[in-house]
Amino acid sequence: MKTKGMIALLTLALLLTIMTPGAVIAQDKQLNIVATTTMLADLARVIGGEHVLVTGMMGPGIDPHLYQASAGDVMRMQEANVIVFNGLHLEGKMGDVFEALGERDHAIISIEDGLDKTKLLFDEEDAGVPDPHFWFDVSLWMDAARYFTQELSKLDQSNALYYRNTLNNYLMKLEELDTYIKMRIGELVLDQRVLITAHDAFQYFGRAYGIEVRGLQGISTVAEAGTADVSNLADFIVKRQIKAIFVESSVPTKTIEALQAAVKSRGFEVKIGGELYSDSLGDETSGNDTYITTVQANIDTIVDALR
């Protein structure tokens, strides 16, 4: 595996070295945008509308913490007018690629740069590691939308007014989404407001909407949960008599299933309340392939299982 990884890195380095700096492809006067995650691809399509052609690098169900850029990904980024990525170490294995492209004068939008750093959360075990899952606080996603629009307008000034108009329409829909989440959370009594998932992706959600959040793994899925993590969380579930725990679309189910078994061995039954979207949107088949529909699906799954 180490040899294959080294070959892949050398291939990426070669591609970045031989390509012409700043090469772009124009397609029918649309901006060619490559976005790393499904959330950012959706944002780019919403704001850019008819003036952009968006390619999402990671598909539904893909874990961005573990994603490694292929040679094809690097080619697409090299040919793009704009590259959009989350930052905050979400795309942890792609930092060198972004840095190399930035040094070659590519237009890169790092959403991290548009966030108020005082609003960020950090790993409880390592205060220097930021939590990248800010999009589960709708107000922070609104900040991301504003920043993306600002940067896109700088790059394409002739369509800046169009982008501002689509932003304003989107912000109104996000305000409605935020209200909907709060309404649904209000259906739960305080003791029911505990969310347990495969990895710690929902701390922003918990802070914004008054939910206690526990994850088996940390904010990244790189490190697996240990037996002590499972045991401690099982004890917590039994003590609090929690009704449901949740799997995630981009994380294997085995850890949550192990947690459920550990709870059962203690004489208590906890159900798997459903699948949540954490690091990825849903696909077209699910009908949850936009940020708004995905967040709505999450809150409905959570509340319906816990109440």
Side-chain angles (χ1 to χ4, degrees), residues 61 63-66 90 121-126 129-138 140 181-182 184-282 286 288 294-307:
D63 183 351
H65 298 283
L66 303 177
L90 179 69
L121 296 173
F122 291 83
D123 191 330
E124 291 182 357
E125 297 181 1
D126 187 345
V129 177
D131 184 339
H133 306 92
F134 67 88
W135 57 87
F136 286 119
D137 178 342
V138 176
L140 292 181
I181 295 170
K182 292 172 181 175
R184 292 242 53 193
I185 292 295
E187 298 175 26
L188 300 175
V189 298
L190 291 179
D191 288 346
Q192 294 174 324
R193 299 181 186 184
V194 182
L195 176 62
I196 295 177
T197 59
H199 89 295
D200 206 3
F202 292 89
Q203 290 296 337
Y204 288 99
F205 173 78
R207 182 182 69 179
Y209 303 108
I211 298 285
E212 184 177 356
V213 176
R214 298 289 183 98
L216 259 179
Q217 294 168 266
I219 60 175
S220 172
T221 57
V222 173
E224 294 189 0
T227 54
D229 299 313
V230 173
S231 179
N232 291 337
L233 198 48
D235 290 339
F236 174 81
I237 291 169
V238 174
K239 180 180 179 181
R240 296 285 296 271
Q241 300 287 286
I242 294 168
K243 292 182 179 180
I245 56 181
F246 300 87
V247 296
E248 300 174 35
S249 63
S250 56
V251 181
T253 61
K254 62 182 180 179
T255 55
I256 286 296
E257 291 167 349
L259 176 61
Q260 185 184 38
V263 172
K264 186 174 182 179
S265 72
R266 288 159 170 76
F268 182 70
E269 295 280 350
V270 63
K271 67 181 179 181
I272 294 180
E275 181 181 70
L276 302 180
Y277 302 104
S278 55
D279 292 335
S280 166
L281 304 181
S286 70
N288 301 318
T294 290
V295 174
Q296 285 178 332
N298 273 355
I299 190 60
D300 288 341
T301 298
I302 292 167
V303 173
D304 291 346
L306 291 178
R307 66 179 178 182

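Only this structure's heavy atoms are used, side chains among them; waters, hydrogens and symmetry mates stay out.
To the nearest 0.5 Å, atoms CG (L216) and CG (D200) are separated by 10.0 Å. To the nearest 0.5 angstrom, I272 atom CD1 is 7.0 Å from I256 atom CD1. Distance check, rounded to the nearest 0.5 Å: CZ of R207 to CG of D131 gives 9.0 Å. One distance of note links CD1 of I245 with CG of L306; it measures 11.0 Å at 0.5 Å rounding. Taking CD from E187 and CD1 from I185, the interatomic distance works out to 9.0 Å, rounded to the nearest 0.5 Å. Going from atom OG1 of T197 over to atom CG of L195 covers 5.5 Å, rounded to the nearest 0.5 Å.
Looking only at side-chain heavy atoms (C-beta outward), W135 and T294 stay at 4.5 Å or farther from each other. Looking at F205 and V295, their side chains never come closer than 4.5 Å, going by heavy atoms from C-beta outward. In this structure, the side chains of N298 and I181 stay at 4.5 Å or more apart for every pair of heavy atoms. S286 has its side chain within reach of Y277: a pair of non-hydrogen atoms, C-beta onward, lies under 4.5 Å apart. Side-chain contact between E257 and V247 is absent, with no heavy-atom pair separated by less than 4.5 Å. Two residues are said to be in side-chain contact when any heavy atoms from C-beta on lie closer than 4.5 Å; T301 and E275 fail this criterion. The closest side-chain heavy-atom distance from V238 to V270 is not below 4.5 Å. Residues Y204 and L121 have side chains in contact (heavy-atom distance under 4.5 Å, counting atoms from C-beta outward).
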### Task
Decide side chain to side chain donor-acceptor pair (under 3.5 Å) for S250 and S278; before the verdict, give the C-alpha distance in whole Å, the side-chain angles of both, and the deciding distance to 0.1 Å.
CA-CA 7 Å; S250 56; S278 55; 3.2 Å; yes
### Message
Please determine whether side chain to side chain contact (heavy atoms under 4.5 Å, CB included) holds for the pair I302 and L276, giving the CA-CA distance in whole Å, both sets of side-chain angles, and the decisive distance to 0.1 Å.
### Response
CA-CA 8 Å; I302 292 167; L276 302 180; 3.8 Å; yes
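Ionic pairing of E212 and R214 is present here: one or more N-O contacts between side-chain nitrogen and carboxylate oxygen are shorter than 4.0 angstrom.
A donor-acceptor pair under 3.5 Å is formed between the side chain of K243 and the backbone N or O of R307. In this structure a side-chain-to-backbone donor-acceptor pair under 3.5 Å is present from E248 to A198. A donor-acceptor distance shorter than 3.5 angstrom exists from the side chain of R193 to the backbone of L188, with no hydrogens or angles considered.
H199 and H133 have perpendicular rings, their planes meeting at more than 60° on a 0 to 90° scale where under 30° would count as parallel.
A distance below 6.0 Å separates the ring centres of F202 and F136.
Shortest non-hydrogen contact noted between V194 and D191 is CG2-O, 4.1 Å. Shortest non-hydrogen contact noted between A201 and D279 is CB-OD1, 4.5 Å. When every heavy atom of A262 is checked against every heavy atom of A234, the shortest pair comes out as CB-CB, 3.8 Å. Heavy-atom minimum distance, I196 versus L259: CG2-CD2, 3.9 Å.
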